[in-house]
Amino acid sequence: MAEVSTRDAADRAVVVLGAEAAAPGLAGEFAGRGWRVWTVRISADAGADAHDGVDQIIDFLAAPESPHRAVLLGGRAAGAAAVEVADRHPERVIAVVVAGDAHGEGPVPGAGVPDPPCPVLVLHTADPGEVVSATTTLLAGSGRRDDVPAPSPARLQALTPTRLNDPEALRRLRELGPVHPVNAAGVTASWIVTGHQATTALLADPRLIGEVEITAGFRLQSDDPALAHRGELDLITISGQEHARLRRLAERHLTPERVEGLRPRVQREVDALLDAVPSREVVDLLQAFAYPVPVIVLCELLGVPAKDRDYLHEWIVERLASPPPKAHGDIDDYLRGLIAARRERPSADLLGWVVEAEGDRLREEDLVSLARFLMVNGHRAPTTMLASSVAALLRRRERWERLVADPALVPTAVEELLRVITPFPVTIARHVAVPIEAGGRRLPEGDLLVASLVAANRDPSFFTDPDVLDIGREDNPHLAFGHGHHHCLGAELARAQLQIALGTLVRRFPGMELARDSGSLHYRQSSVRYLLGLPVVLEPDRPRPVSAGA
């Protein structure tokens, strides 16, 4: 892949997907008309499995040098792959254009996605000039030719990751009222809540239950694995009854006192991790620190032996990108082995605590499910929080320097960062079990409701200067961990690891700085907004001040 033009033009960015013979002509034509252009050779154009093309496009979009948003353009097979990518990651794709499909065989590209989240334009020509003109016209929204189908309306507008992570868009929505209908075809969620008071009230309401299995895209999950949505698999959705049973199994042991007892072990491991990171050269703190730290914490929590931690890291960081159950078979067997060891010899970790407390009442599969649930949900959000917190502090140098000067502010800084960053922008959808009146609206039985935690955490009726990151903020009733019976089970553990990680960085590397301009940091916005990289120098070389007597 190579960038052809670097002209800065809002939304005039195109990724040309296709064969080597066709791509240069299209790329050159777009570049000549002022577009920023990238080309990606994907095997889908050669007739290979379309899923290979999907993976190649996603790999490209995950690279830091990729455009934040772009038009995806290619032939029939590449276009089909591009529509699927847009369906998974609507925040990254402006539109999909399929060129040269005059009499293509097989289904029309995009037919497998009945409600695409962006315009899909199928052209009957591959002439570079006509393709560029049609694409430009598509974005302008007028003057389309009769033989060019009108693009589909932008679906899921109220629930796209970009909007759900946009405080300004949510502020406007919140000012119109606390509860709003979601009028987007193909979306199961019927209502979105945007106020702090309404969010806490509704999430604590027993008439809202979480027993409907839903993907991260707010769609009902199919029972057929072949038809399951291949979106972000951040959460394992389970029935309300099973969720309550697993929570009870763990919450009596994940107490502040037990978490406090883990702190020295986590501190020791964090220090050892930083000992191995080069301090005077550019390092990606995301890969070197933010990814490993939550794995370390989970291993300490579950009592995973040091010799097995690389295995756990590989499963959590790499293999969880594969949809269940493919990613889980061997890990379940491994967890059963740990549980069997705890039955023979008690240990000071979560598995040991549960085995000892439950005795013969323990169902092994419950504890396996619980441990797996904690590993799946206990990694990505803490990784996101740690990397994004460091970036937020270093982007405004005075924040970092204030923390260096007064490390006692670390606990309040962590709470404020949780409020402002809010890693999960919305709650998992709740099912309305009986009709409810909320925010002047009647929510019918059977509807689904989500709450915007971003909007609640910036509600001016609860927070003074809500858009300001104030690391000394004392009164901070944020909802980053949710509320009610689905409040984050590992909230205290997440707080502890963020405090330890940030406190250690502040103490050991007070001069740490970003290795490049903060505007060049790339975020991906999905069910979690996260950084693609965080280049820093832990101990930058600076000229030493000359003493008065020199």
Side chains of R41 and Q56: donor-acceptor distance under 3.5 Å anywhere? no

Which is it for D271 and R507 under the salt bridge (charged side-chain N to carboxylate O under 4.0 Å, His left out) test, yes or no, and what are the steps along the way? CA-CA 11 Å; D271 279 323; R507 170 175 52 85; 3.5 Å; yes

What's the separation between atom CD1 in I421 and atom OG in S389, rounded to the nearest 0.5 Å? 3.5 Å

For D284 and Y291, which I'm curious about, is there any donor-acceptor pair between the side chains at under 3.5 Å? no

Go through the structure and list residues passing side-chain hydrogen bond (donor to acceptor under 3.5 Å, both in side chains) with R342, not counting sequence neighbours. S347, D349

Do L370 and L351 come close enough that some side-chain heavy atom pair is under 4.5 Å? no

Note: R399-E416 ion pair, threshold 4.0 Å (strictly below): no

Donor-acceptor side-chain pairing of S279 and R508 below 3.5 angstrom: no

How far does CZ of R363 sit from OG of S369, to the nearest 0.5 angstrom? 8.5 Å

By side-chain hydrogen bond (donor to acceptor under 3.5 Å, both in side chains), which residues pair with E300, not counting sequence neighbours? R265, R309

For I316, run the side-chain contact (heavy atoms from CB on, under 4.5 Å) check against T383, V376, L298 and tell me which one passes. L298

Go through the steps to decide whether R336 and E365 satisfy the test salt bridge (charged side-chain N to carboxylate O under 4.0 Å, His left out), and finish with yes or no. CA-CA 8 Å; R336 290 187 190 99; E365 290 307 307; 3.0 Å; yes

Ignoring hydrogens and geometry, is there a side-chain-to-backbone donor-acceptor pair from W400 to P510 under 3.5 Å? yes

Minimum heavy-atom separation for M385 and P423, please, with both atom names. SD-CD, 3.5 Å

Any donor-acceptor N/O pair, R396 side chain to A392 backbone, under 3.5 Å: no

Do the charged groups of E492 and R258 touch, with an N to O distance under 4.0 Å? no

Give me the one residue out of I58, I57, L61 that meets side-chain contact (heavy atoms from CB on, under 4.5 Å) with R92. L61

Taking atom types as modelled, is there a side-chain donor on Q267 or T504 under 3.5 Å from an acceptor on the other? yes

